[in-house]
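Working notes, structure below.
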Amino acid sequence: MDDWQNLLKGSLTKPEEIAERFDLDIEDVKKVAKNFKFRITPYYANLIKEKGDPIYRQIVPDTAELAENSGITDPLNEDEDSPVPSIVHRYPDRVLFLVSHSCASYCRFCTRKRKVGDPSKINPRYIEEGLAYIRQHTEIRDVIISGGDPLMLSDNKLEYVLKSLRAIEHIQILRIGSRVPCFLPQRITPKLVKMLQRYHPLYMNVHFNHPDEITGEAARALNLLANAGIPLGNQTVLLKGVNDDPEVMKRLMQKLLTVRVRPYYIYQADYVKGTEYLRTKVSKGLEIIEAIRGWTSGLAVPQFVIDAPGGGGKIPLLPAYVQSIDDDKVVLRNYRGELFVYPQVESPDNQAPARLPVRQAPYKPEFIAEPEEMIC
Ligand SMILES: *Cc1c(COP(=O)(O)O)cnc(C)c1O
Ligand code: SF4
């Protein structure tokens, strides 16, 4: 057994362990665990400084998860876009490929908690069917290997998936989505990395939500991956009491760049049942982008997106930098709030170029949907 597998075995998985360590009612823990299992690696548990802190809130089972007041079990309507159990095919040229039900630790806000941790829903025996689907669909050029967490597979099983995908001619790029560098960085070994780099072009999106998660151990793991030529991106979920603070988010994005990870997305928390206590208003995300764009490196600015309830896919949101657009000029606001005018190109008959949509000025963003309106 590898070191990382031993470390994983030492995780907090029993209600008694959690109850004792965090001074919780054991019956409460059992009730919550029935709804969505828990596991916390010893490494990640050690990052918790006190009850209720940003690390704790992401990972320790909370009775607030049992609240019935809002949210849905499959907020992104993934099951509707799932032609075979291991595939979600929503966009024209790329698919999600679910290859592992397991995660190193279980995020309480997980959007796929209806499936994750449940081997009857995501299972290696569905992998063949997924591969067959990808082989048949020549329009697919990009496969996002996900789960659960694909890095919970053994090196051999993961290599089988990568090798099988690489053998498909129309597949251009492979991506791995993983929270292992955050939860169990010890799993990123020289042996794993050596195997991964045989399947380039391979990208990896990692998942860090707080600057305290970028430890020396995590930096070591990310460094190994980056040295293997794997471009690293980060996906962050905006969470109440975790990172709903522009200063914290800016520090996270800056720190990611120091370990060669390019911020990719900040997600508005999905409308998942039992996660109301972790959701923020959408305006918080816009405030965060305002606080980063221009004030620090452009490389540190991810896209803020809502994965639309009902299966609309990822929709980007930007603070209102465009004040107005007409045939003659565009009025823009910079990060300091100062206004600037950009003259439009003059077309011969003084009409806007045919292919550009022209909005009526002033441009008013209408995108702040409150939860009640987000029903699909
Ligand atoms: C997020 C997602 C993708 C990848 O989206 P990108 O914007 O290309 O990163 C693909 N398929 C599904 C179903 C997704 O949810
Ligand atoms: S690591 Fe990803 S898939 Fe696993 S519980 Fe967290 S959000 Fe869900």
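Read the numbers this way: they start at 1 and go in the same order the structure lists the ligands and their atoms. If you read the sequence from its start, that first residue is 1, and numbering goes on from there. Computed from a prediction, not measured in an experiment: that's the story for all the values here.
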Does the side chain of D326 come under 3.5 Å of the side chain of S324 through a donor N or O and an acceptor N or O?
-> no
Is the shortest distance from atom 2 (Fe) of ligand 2 to a protein heavy atom below 4.0 Å?
-> no
Is the closest basic N to carboxylate O distance between K255 and D212 below 4.0 Å?
-> no
Do Y133 and H89 make the cut of ring centroids closer than 6.0 angstrom?
-> yes
Ion pair present between R108 and E65, side-chain N to carboxylate O less than 4.0 angstrom?
-> yes
Anything protein N/O/S under 2.8 Å from atom 6 (Fe) of ligand 2? Just list residue and atom, please.
-> C107 SG
Is any side-chain N of the basic residue among D93 and R141 closer than 4.0 Å to the acidic one's carboxylate O?
-> yes
Does the gap between the ring centers of F22 and Y56 come in under 6.0 Å?
-> yes
Picking from S100, S105, S178, what satisfies side-chain hydrogen bond (donor to acceptor under 3.5 Å, both in side chains) with D149?
-> S178
Are V242 and Y271 connected, step by step, through hydrophobic side chains (Ile, Leu, Val, Met, Phe, Trp, Tyr) whose heavy atoms are closer than 4.5 Å?
-> no
Value rounded to 0.5 Å, distance of CD in E80 from CG in D74 = 8.5 Å
Protein residues near ligand 1, heavy-atom distance below 4.0 Å?
-> V88, R90, Y91, R94, L96, I144, R175, Y264, Y265, K314
Ring centre gap for F183 and Y44 strictly below 6.0 Å = yes
